[in-house]
Amino acid sequence: MILETISVAILVYYIVMQLQMVVLAIGSAVALRRSGYRSRHGRLQDMLSSDTSPSVSIVVPAFNEESGIVEAVRSMAMLAYPRFEIVVVNDGSDDSTLERLTEAFGLFPVTLPFRHAVDTAPIRAIYRTTLPLPITVVDKENGGRADALNAGINVARYPYVLLTDADVVLDHHCLVRAMRHVVDDRVRTVAVGGNVRPINGSRVSHGRVIEPGLPDGLLERMQVLEYLRSFVAARPAWSAIRSLTLVSGAFGVFRRDVLTAVGGLTSGHLGEDLDLTMRVHRHMRTTGTPYRIVYAPDAVAWTEVPRTRAVLRRQRIRWHRGLMRAIGDFRDMLLNPRYGTVGMVGWPALFFFEFLAPIVEFAGWILIPFAWAGGWLDTDVAVVLLLMAFFVGAVNSLVALLLDEAYGYFNSPLEALQLLTLTFVENLGIRQQTVAWRMRALLGGRSTTQWGDMQRRGVANLARR
Amino acid sequence: MDHILMQQVVAGVAAVTVVLSAALFIVKITHQRHMSSRAERRTRYVDVVGEMLADMHILDEDVRRWGRDPAFEDVLLEYMAVVAGDERDLLHRLAIESGLRARLIRGAQRGWSRERRAHAAGHLASLADPATAPVLRVLLVDRVAEVRLHAAHGLALIGEIEAAPQVVARMTSETPWTAARMADALVVFGPDAVPALCDQLMGQDLPVHTTALVVRSLGLIGDLRAEPTLLAFLSSRDAELRIAACSAIGKSGSPASVPPLIRALGDEDWRVRARAAAALGGLADPRAVQPLYDVLSDRAWWVRQNAAEALAQLPGGLGTLAAAGNHDDPYARDAASLQLALAGARGGR
């Protein structure tokens with residue numbers, strides 16, 4: 001009886017989780033419609049020649065990025081925005097990242113006073129370019145991605161900072177689309193997250209995505225679907241109810257004074273973007289300052305997702321470890337009305353449907369077959385609930401794909417068919433694999449606490465596709 | 001009983017899955033066909049309208065039907081953005097004869113969806129036909145923000161100068177985004193609107209944020225008739241207005257603006273001092289060299305930085321920066337050496 005109850009509870013939990021995502025997708029549809037309308041008719045292009053656009057510092061950490069750093073910086077320098085600077089932070093690279101930058105942009109050392117607002121590893125030198133480009137390069141001792149971003153935040157001159165990565169390809173108009181939300185409400189907007197899409201399978205030229213496409217590998221395609229479910233079918237809704245718990249590390253605009261007030265990013269944290277977003281929430285709520293963290297679905301940044309099982313495994317373990325640490329660090333915010341909708345809705349959803357999901361699902365793998373084999377679980381009930389879970393999950397993916405139609409990135413019906421097939425196939429093995437990886441993260445150990453080599457090909461190599 | 005209900009629920013969800021799958025596939029195929037057909041029509045319109053412009057004559061095509069085609073609408077407006085004079089008049093005639101103008105006017109009226117109205121108002125604005133000015137003036141007070149915004153730009157493109165004060169009046173009650181974009185429209189009105197805008201600024205008690213936006217727009221227009229008004233705002237009690245005035249004068253000012261800007265270097269608000277320093281760099285007047293040298297030791301980093309940058313742009317400024325290498329203040333020496341390094345490196349290329 002107990003086993004039957006637990007088994008049914010596990011299946012019901014899974015259905016509720018998927019239903020929650022369907023509700024989010026419906027909310028996202030409304031939010032995307034509103035956002036699309038404002039993008040089409042808000043005269044965004046006029047912002048490019050305006051004297052009222054807030055200035056932005058783009059901070060790019062680079063560790064051993066010799067293959068793609070020059071192309072990445074060139075691509076960023078061509079972004080459509082009236083006033084911005086690029087601060088590249090060479091995080092003690094062992095390769096010739098700094099030499100490549102020096103050669104390409106004619107760097108020379110300068111004495112540049114900067115605020116030590118956030119502690120970082122020592123800075124060796126600061127360089128400026130001889131070209132008429134707003135580029136500053138900070139050369140520092142290795143301290144990790146968060147430490148490099150902190151150094152960039154210290155050196156950044158402008159009141160808004162875009163935190164991104166050297167292997168991210170930014171859409172030409174992403175900055176203007178993100179900063180639109182800042183102009184809308186300068187007082188309350190403290191952060192704007194962008195829409196991150198997998199670049200695998202797309203055609204890239206001169207640091208720009210010129211033809212989005214679907215990758216060949218099954219693992220990569222599965223990640224395309226995952227990104228769509230998260231960035232297209234969930235985040236717009238979370239943003240609409242002021243409960244966005246994650247501004248992605250690949251594209252996040254923050255007000256610099258808020259970044260320094262929370263002490264910058266946490267070095268050594270495996271989920272530093274989640275940690276930063278939650279610390280901003282906590283800081284603003286604790287100080288009683290009205291604020292908003294917004295998601296800009298039309299501000300697109302492209303990132304390379306893992307191509308091999310081994311790299312994907314490392315990434316997923318790292319993400320879950322980061323989540324585990326954040327769950328511990330922000331446990332006081334869970335179901336705490338003092339933190340508003342974030343404490344009552346956003347953070348609990350992350351806890352119950354992200355953190356607990358692999359545990360519950362893993363328990364289900366063991367208990368449900370056991371209960372069924374022992375005759376404690378009615379076959380009809382089990383089959384019906386399993387089918388229900390399967391179909392609700394598929395509905396969720398399909399809604400995400402339909403919502404993505406607004407962007408029209410995948411125009412070929414063949415690509416639609418491939419993604420359509422994947423919505424049904426991913427539940428038959430791939431999903432279980434990721435659950436196993438997340439369970440591995442829960443077990444801990446040395447291998448789960450390191451970033452590892454993500455084996456990315458870099459913007460320049462993607463360009464040669 | 002429960003089992004039957006659950007089976008029905010599962011069947012229902014499965015049916016939704018099938019419907020969504022079919023919908024996705026149909027949407028993809030329809031969208032692809034639609035885009036491909038539109039691209040074909042677009043190519044044809046580009047050719048035909050191009051020929052009409054070359055001959056300065058509306059060809060005897062079935063023009064009447066074109067006004068309903070979005071592909072034609074796009075092509076006409078794209079041509080409109082790159083032609084002037086008689087060619088523009090011809091395109092206006094084409095918009096009338098094809099029925100496009102009438103359709104856009106109808107589409108912008110109340111009763112349609114917000115999306116359709118904003119779309120029509122936007123294209124009506126891009127059409128910039130002087131005959132549509134009365135319609136756009138009505139749309140300027142519409143309840144939909146995007147319709148008002150497009151109307152403001154349309155009136156600016158047409159050059160309906162009398163509407164400029166109306167746009168400013170609207171800006172007082174708009175959201176920051178809409179107000180900022182309406183301020184961009186003021187720039188499009190151009191120099192002819194400057195007297196009316198200056199009168200409005202001096203004669204009406206506008207909110208600070210609206211005044212600051214109009215002041216910045218006057219700077220971007222760059223007409224000297226605005227100078228007395230801009231200089232008057234340099235002594236405003238509100239720092240936001242003094243900052244906006246410095247910024248505007250830096251873009252449009254004459255030598256007469258230099259002494260007031262030099263006085264602004266001593267402002268109590270560092271943002272005004274920083275903006276005044278940057279503005280003096282833009283005016284390239286040697287009288288500013290010594291005052292800028294003096295603020296190299298300002299307590300605010302941005303003031304030192306902008307003063308050093310300004311000196312690098314002024315005649316004789318580089319020599320002064322070099323002399324700042326012996327300045328008593330280490331911060332002044334830093335600011336000067338950075339600019340000298342940049343000037344040297346860039347000059348050496």
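Proteins get letters first, then strands, A, B, ... in listed order; numbering begins at 1 in each. This structure is a prediction, so every number in the text was calculated from the model and none was measured.
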Which bit of B:S247 comes within less than 4.5 Å of chain A, counting heavy atoms only: side chain, backbone, both or neither? side chain
Quick one: what part of B:L220 sits under 4.5 Å from any heavy atom of chain A, side chain, backbone, both or neither? side chain
Enclosure of B:R299 CZ (heavy-atom neighbours >12, cutoff 6.0 Å): no
Distance check, rounded to the nearest 0.5 Å: A:R43 atom CZ versus B:H153 atom NE2? 4.0 Å
Below 4.5 Å, heavy-atom pairs only: which of B:D334, B:T17, B:V16 has the largest tally toward chain A? B:T17
Identify which part of B:V144 has an atom lying under 4.5 Å from any heavy atom of chain A, answering side chain, backbone, both or neither. side chain
For A:R180, is it the side chain, the backbone, both, or neither that has a heavy atom closer than 4.5 Å to a heavy atom of chain B? both
Does the pair A:R40 and B:E115 meet the rule for a salt bridge (charged side-chain N to carboxylate O under 4.0 Å, His left out), with working shown? CA-CA 9 Å; A:R40 283 190 295 279; B:E115 174 80 41; 2.7 Å; yes
Closest heavy-atom pair and its distance - A:V183, B:P176: O-CB, 3.3 Å
B:H34 meets the ring pair (Phe, Tyr, Trp, His ring centres under 6.0 Å) criterion, sequence neighbours left out, with none
A:R188 atom CZ, neighbour heavy-atom count above 12 within 6.0 Å: yes
If one checks every heavy atom of A:F424 against chain B at 4.5 Å, the contacting part turns out to be side chain
Table please: side-chain donor-acceptor pairs of residues 179-186 of chain B below 3.5 Å, with sequence neighbours left out.
residue, atom, partner, partner atom, Å
B:R181, NE, B:D184, OD2, 2.6
B:R181, NH2, A:S50, OG, 3.2
B:R181, NH2, B:D184, OD2, 3.0
B:D184, OD1, A:S50, OG, 3.3

For the residue pair B:W302 and A:Y158, categorise the inter-ring angle as parallel (less than 30°), tilted (30 to 60°) or perpendicular (more than 60°). parallel
Of all of B:S21, B:A248, B:A244, which one pairs up most often with chain A through heavy atoms under 4.5 Å apart? B:S21
Proximity breakdown for A:R33 and chain B, heavy-atom pairs closer than 4.5 Å: neither
Minimum heavy-atom separation for B:L149 and A:H41, please, with both atom names. CD2-O, 4.4 Å
Inter-residue atom distance A:L402.CG - B:L24.CG, 0.5 Å rounding: 5.0 Å
Below 4.5 Å from any heavy atom of chain A, which atoms of B:R114 appear? Answer side chain, backbone, both or neither. both
A:L419, part contacting chain B, at a heavy-atom distance under 4.5 Å: neither
Among B:L213, B:V19, B:I29, B:L20, which has the most heavy-atom pairs under 4.5 Å with chain A? B:L20
Determine whether A:L44 and B:W177 satisfy the following criterion, side-chain contact (heavy atoms from CB on, under 4.5 Å), listing intermediate values before the conclusion. CA-CA 10 Å; A:L44 269 179; B:W177 173 266; 3.6 Å; yes
Output for pair (B:F25 CZ, A:L417 CG), nearest 0.5 Å, gives 5.0 Å
Would you say the side-chain atoms of B:W301 pair up with the backbone N or O of A:F114, donor to acceptor, closer than 3.5 Å? no
A:E405 and B:V27 have their tightest heavy-atom pair at OE1-CG1, 3.5 Å
So which heavy atom on A:V384 is nearest to which on B:V10, and how close? O-CG2, 3.3 Å
Which of the residues A:D184, A:T52, A:D185 is involved in the greatest number of heavy-atom pairs with chain B at under 4.5 angstrom? A:D184
Taking A:S53, A:A416, A:G42, A:S397 one by one, which has the highest count of heavy-atom pairs under 4.5 Å against chain B? A:G42
